[in-house]
Amino acid sequence: MPTHREPAPDLFGAAAHEGSVDAPLAERMRPQTFDEFVGQDDVAGTDRPLRHAIESDRLSSVIFWGPPGSGKTTLARLIAHHTKAHFVSFSAVTSGVGELREIIKAAEHRLAMSRQKTVLFVDEIHRFNKAQQDAFLPHVERGTIVLIGATTENPSFEVVSPLLSRSLVVVLRPLPDDALRTILGRALSDPGRGLGRWQVSMTDRAIERLVGYGNGDARALLTALEFIAGQAKAGSDGTRRIDEQLVDAALLKKSLRYDKTGEEHYNVISAYIKSLRDSDPNGALYWLARMLEAGEDPKFIARRMVIFASEDIGNADPMALVVATAVAQAVQFVGLPEAQINLAHGTTYLASRPKDNASYVGLLEALEDARAHGNLGVPLHLRNAVTSLMKGLGYGTGYRYVHDDPQAQQEQTHLPDPLNGRRYYRPKPGP
């Protein structure tokens, strides 16, 4: 039976206009075959299982997870091209739950009447709440739909576990620079879908600038290229020449991919902390610069520095906490952009100091004992006899005042009987 695909202007309607000069360049240049799909060979290379499954129309439910412009929607279009199932696209941003119910109802009818399955592509699937995602489960289990989800957010946090366990998660990476150069070259040379008819010429440094601006995002790259080419004036020979100065002037400032509430936020701060922990001031400064350039709240960075000073340096250098706290105060007092200097000062200090997490590890072990053993009684000799009744019950009896009896420091126990002998604090030997 021939495949009938419902129109979905929010995602796929533009496909009909790929050859039109009115469509954005990024849309016109969207790969139409696997041979045009570059930069994700680990996922869609000729010998990869996902590609075989798509080309043989044996795909099960899958979730594409990756940053913007990495190829999630393009893969969905390739699935639409190869499948004999009924293909429906749906956006969690622009469409509602009522529309989704109608799609499921039609899919059930289609399966019952013609035994034709339905492939449902849900863009931005993380926008659905947990209850809405649960609604997919029975239809996925019965085979009424094959669910194709796309998300820029970590599915571990944003997709319900039952749905996640029934789906293959395919991770798409930011496109490497060589893939962006290939995409850029095609756009410049293609006279039909690209800018070939404009006779655009770019210097090598301009290309590198633009590839850097793309930052792994093909859509951002092509959108910027189209804008810059539109600003370039044709010379007497009809050629539009683009150099790095024109690129810099058109784009004003590179926009780093960084979502202060998303996974990249956690990835970058993790890289920063691990660089500090490994005593690498160069790595730490780079990740600090990444956060500052992307607009991270400097108070957030300062708070993490204060935590790090006690967690990872501790008594190996007690001044670390003093410095980190001073940086946090300076950030509040000075503000950006000058507070960047304070953050750099604190970063290089913390990275350069010896490390000892004995205080933190000891606390974790003590917390574990406190939870495991409950409310163990305070030994009588450590209790304070503030009333005659308490004194009569033995509170404080046998306590040795260390200033009068220095031996008490070693001989007097300070833990409940079941925990006697526990050693929580084990500082590293000094250099």
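The figures here come from the full heavy-atom set of this structure, side chains too, leaving out hydrogens, waters and symmetry mates. Please read these numbers as outputs of a predicted model, since none were measured by experiment.
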Donor-acceptor contact below 3.5 Å, side chain [X] vs main chain [Y]:
{"X": "Thr74", "Y": "Gly71", "value": "no"}
{"X": "Gln340", "Y": "Pro337", "value": "yes"}
{"X": "Gln133", "Y": "Val160", "value": "yes"}
{"X": "Arg186", "Y": "Glu36", "value": "yes"}
{"X": "Arg193", "Y": "Arg30", "value": "yes"}

From [X] [atom1] over to [Y] [atom2], what is the distance, rounded to the nearest 0.5 angstrom?
{"X": "Trp65", "Y": "Glu158", "atom1": "CH2", "atom2": "CD", "answer": "10.5 Å"}
{"X": "Lys72", "Y": "Gln40", "atom1": "NZ", "atom2": "CD", "answer": "9.5 Å"}
{"X": "Asp356", "Y": "Arg426", "atom1": "CG", "atom2": "CZ", "answer": "11.0 Å"}
{"X": "His86", "Y": "Leu120", "atom1": "NE2", "atom2": "CG", "answer": "10.0 Å"}
{"X": "Arg110", "Y": "Gln116", "atom1": "CZ", "atom2": "CD", "answer": "6.0 Å"}
{"X": "Thr83", "Y": "Ile54", "atom1": "OG1", "atom2": "CD1", "answer": "10.0 Å"}

Pairing residues for Asp35 by the salt bridge (charged side-chain N to carboxylate O under 4.0 Å, His left out) criterion, not counting sequence neighbours:
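Result, salt bridge (charged side-chain N to carboxylate O under 4.0 Å, His left out) vs Asp35: Arg51.
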Would you say [atom1] of [X] has more than 12 non-hydrogen atoms from neighbouring residues, nucleotides or ligands within 6.0 angstrom?
{"X": "Asp417", "atom1": "CG", "answer": "no"}
{"X": "His345", "atom1": "NE2", "answer": "no"}
{"X": "Asp42", "atom1": "CG", "answer": "no"}
{"X": "Asn420", "atom1": "CG", "answer": "yes"}

Kindly determine whether Leu285 and Thr347 satisfy side-chain contact (heavy atoms from CB on, under 4.5 Å), including the steps that lead there.
CA-CA 7 Å; Leu285 281 173; Thr347 293; 4.3 Å; yes
So which heavy atom on [X] is nearest to which on [Y], and how close?
{"X": "Ala76", "Y": "Phe64", "result": "N-CE1, 4.4 Å"}
{"X": "Leu222", "Y": "Met29", "result": "CD1-CB, 3.9 Å"}
{"X": "Glu226", "Y": "Arg28", "result": "OE2-NH1, 3.7 Å"}
{"X": "Met202", "Y": "Leu210", "result": "CE-CD2, 3.9 Å"}
{"X": "Leu25", "Y": "Ala187", "result": "CD2-CB, 4.4 Å"}
{"X": "Ala107", "Y": "Ile145", "result": "CB-CG2, 4.0 Å"}

side-chain contact (heavy atoms from CB on, under 4.5 Å) between Ser167 and Val62: does it pass, once the steps are laid out?
CA-CA 5 Å; Ser167 305; Val62 62; 5.8 Å; no
Is there any ring pair (Phe, Tyr, Trp, His ring centres under 6.0 Å) pair reaching into residues 132-151, and which pairs are they, with sequence neighbours excluded?
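Passing the test, one end in residues 132-151: Phe128-Phe136.
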I'd like to know if Arg422 and Glu368 make a salt bridge, using a cut-off of under 4.0 Å between side-chain N and carboxylate O.
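Salt bridge absent between Arg422 and Glu368.
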Indicate yes or no: does Glu296 engage Arg304 in a salt bridge with an N to O separation below 4.0 Å.
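No, this pair does not count.
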Audit row: Thr223, Phe227, side-chain contact (heavy atoms from CB on, under 4.5 Å) steps and yes/no
CA-CA 6 Å; Thr223 299; Phe227 175 74; 5.9 Å; no
A side-chain contact here means heavy atoms from C-beta on lying under 4.5 Å apart; do [X] and [Y] qualify?
{"X": "Lys274", "Y": "Asp280", "value": "no"}
{"X": "Thr118", "Y": "Leu111", "value": "no"}
{"X": "His81", "Y": "Gln32", "value": "no"}

Residues 313-331, side-chain donor-acceptor partners within the protein, below 3.5 Å, at least two apart:
| from | atom 1 | to | atom 2 | distance (Å) |
| --- | --- | --- | --- | --- |
| Asn315 | ND2 | Tyr425 | OH | 3.0 |
| Asp317 | OD1 | Met319 | N | 3.1 |
| Asp317 | OD2 | Tyr349 | OH | 2.6 |
| Asp317 | OD2 | Arg353 | NE | 2.7 |
| Thr325 | OG1 | Leu321 | O | 2.7 |

Show the numbers, then the answer: is there a side-chain hydrogen bond (donor to acceptor under 3.5 Å, both in side chains) between Tyr286 and Arg290?
CA-CA 6 Å; Tyr286 171 76; Arg290 278 281 300 273; 3.1 Å; yes
Only pairs under 3.5 Å count here: list side-chain donor-acceptor contacts from residues 168-185, not counting sequence neighbours, and write none if there are none.
| from | atom 1 | to | atom 2 | distance (Å) |
| --- | --- | --- | --- | --- |
| Arg181 | NE | Glu208 | OE2 | 3.0 |
| Arg181 | NH2 | Glu208 | OE1 | 3.0 |
| Thr182 | OG1 | Asp178 | O | 3.1 |

Extract all donor-acceptor atom pairs below 3.5 Å that involve side chains of residues 305-312 and protein atoms in other chains or at least two apart in sequence.
| from | atom 1 | to | atom 2 | distance (Å) |
| --- | --- | --- | --- | --- |
| Asp312 | OD1 | Arg277 | NE | 2.7 |
| Asp312 | OD2 | Arg277 | NH2 | 3.4 |

Start with the C-alpha gap between Ile79 and Phe121, add the side-chain angles, then the distance that decides, and say whether side-chain contact (heavy atoms from CB on, under 4.5 Å) holds.
CA-CA 10 Å; Ile79 293 169; Phe121 173 59; over 6 Å; no
Please tabulate, for side-chain N and O atoms in residues 373-385, each donor-acceptor pair with protein atoms closer than 3.5 Å (sequence neighbours left out).
| from | atom 1 | to | atom 2 | distance (Å) |
| --- | --- | --- | --- | --- |
| His381 | NE2 | Thr413 | O | 2.7 |
| Arg383 | NE | Val378 | O | 2.7 |
| Arg383 | NH1 | Tyr395 | OH | 3.2 |
| Arg383 | NH2 | Val378 | O | 3.0 |

